[in-house]
Peer 1: 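Pasting in a structure now, in C-alpha cells, and then I'll have a few things to ask.
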Amino acid sequence: PRPSPVQLRAEALGLAVRSPVTLRDAEEQAAFAALGLDVAVVAAYGLILPVPILEAPRLGCLNIHASLLPRWRGAAPVQRAILAGDEKTGVTIMQMEKGLDTGPMLATAETLIDRKTAGELTAELAELGGALMVDVLADLAGYPAATQPDEGITYAAKIEKAEARLDFSQTADQVERQIRAFNPAPGAFFEVAGERIRVLAAEIVDPSSVIPAKAGIHNLQPSENMDSRLRGNDGMVLDDQLTIACADGAIRPTLVQRAGRGAMSTAELLRGFP
C-alpha cells in the first residue's frame, strides 16, 4: 500500500494520520470523537460512515460529491454521467447523513462534459471540488443547507467489469461514450482472434464515407451475439482503418492497447495485427 497525496502532505506538515480499516470499531470512533472537531471533510471515501462518526464533529461531516445532486447519487457518478450522455456535471458540497448521498446541499459548481474521459473529468472535478470546499469552510454561515429536490433523483451504480466490453449493437454515440466512461478504468475493450484489445479513444464515423476493406472482415461482437449478422452489420470491421459498424453509425478507434503493451495508435496496431 502507498500513502495517498493527502497523507504525504499531512505528514510533511507534522499532522497525525490514521488509516483505519473500518470506522465501525468502537476504539476508532472514540479516537475520532476525542479530536473535538468542528467539522470533518470526506472525499471519495467509498464506504458508509457510521452514525457515531457522522455525529462526532460539532458541525457534522461535509462531503464533496462528484455530481450535481440529486442526479447520480452513489458510487460512480462520473462514469454514469458520461454513459448517459449528460451535457454537464459538477460537484456538490453536502451535509452527510445516514442515507446514500441524500443530505442537504451547501454549494454546487458545474462543468461541461464535452468529450472528456472519466479520468480527465475526475481530475477536473477534484480541482473544482477542492476549491469549492475551501470556500465553504471559510464561510460556513454563508452557505445555508438546502434540502435536495425530490425530482431528478438517479443512482450511479458501481461499475462492473463486464460493462467495459464494447457493445456494437448500440449506436456509435453510445459506444463512444462507453470508451470515454471506462478510460482509464476498467478500460473499454473488444476481442479479436482470442486477444483482448483495449480502446482508449475513438471517433464517430459516417459509414457512408468508409471505403470497404479489401481483405477478410472480422466480427468483434461476443459469440453469443452472432445473430447481429441478421440485424445488420453491427460489430463488423468495415475497412483497413479498423472502422467498426454499430447499430447506427460507426466507430473508429484512434488509441488502443494490446495486453501487456503500451498505448499505441490504431495504425501502429494494424501494422503488427492486420
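All figures in this text were calculated on a predicted structure; none of them were measured in a lab.
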Peer 1: Hey, are the side chains of Ile159 and Pro186 touching, using non-hydrogen atoms and a 4.5 Å cut-off?
Peer 2: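 Ile159 vs Pro186: side chains touch.
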
Peer 1: If you count heavy atoms of other groups shown closer than 6.0 angstrom to CG of Asp248, is the number above 12?
Peer 2: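 Atom CG in Asp248 is not packed in, count stays at 12 or less.
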
Peer 1: Any donor-acceptor pair under 3.5 Å linking the side chain of Glu268 with the backbone of Ser265?
Peer 2: yes

Peer 1: Where the side chain of Gln95 meets the backbone of Leu59, is there a donor-acceptor pair that is under 3.5 Å apart?
Peer 2: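 Such a contact is found between Gln95 side chain and Leu59 backbone.
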
Peer 1: If we count only N and O atoms by modelled type, under 3.5 Å, do the side chains of Ser169 and Asp167 hold a donor and an acceptor together?
Peer 2: yes

Peer 1: Can Gln7 and Ser4 be counted as having a side-chain donor-acceptor contact under 3.5 angstrom?
Peer 2: no

Peer 1: I want to check a possible cation-pi pair here: Arg196 against Phe189, using under 6.0 Å from ring centre and within 45° of the ring axis as the test.
Peer 2: yes

Peer 1: Is a side-chain N or O of Thr122 found less than 3.5 angstrom from the main chain of Ala118, in a donor-acceptor match?
Peer 2: yes

Peer 1: Return the minimal non-hydrogen interatomic distance between Arg115 and Glu176, and the atom names on each side.
Peer 2: NH1-OE2, 3.1 Å

Peer 1: Do the side-chain N and O atoms of Trp72 and Asp101 include a donor-acceptor pair separated by under 3.5 angstrom?
Peer 2: no

Peer 1: If every non-hydrogen atom of Ile82 is compared with every non-hydrogen atom of Lys116, which pair is closest and at what distance?
Peer 2: CD1-O, 3.7 Å

Peer 1: Counting only N and O atoms by type, is there a donor-acceptor contact under 3.5 Å from the side chain of Gln148 to the main-chain atoms of Gly103?
Peer 2: yes

Peer 1: Checking Ile197 against Gln257 for the side chain to side chain contact (heavy atoms under 4.5 Å, CB included) test, could you report, in this order, the C-alpha distance in whole Å, the side-chain angles of both residues, the deciding distance, and whether it holds?
Peer 2: CA-CA 6 Å; Ile197 307 292; Gln257 186 175 19; over 6 Å; no

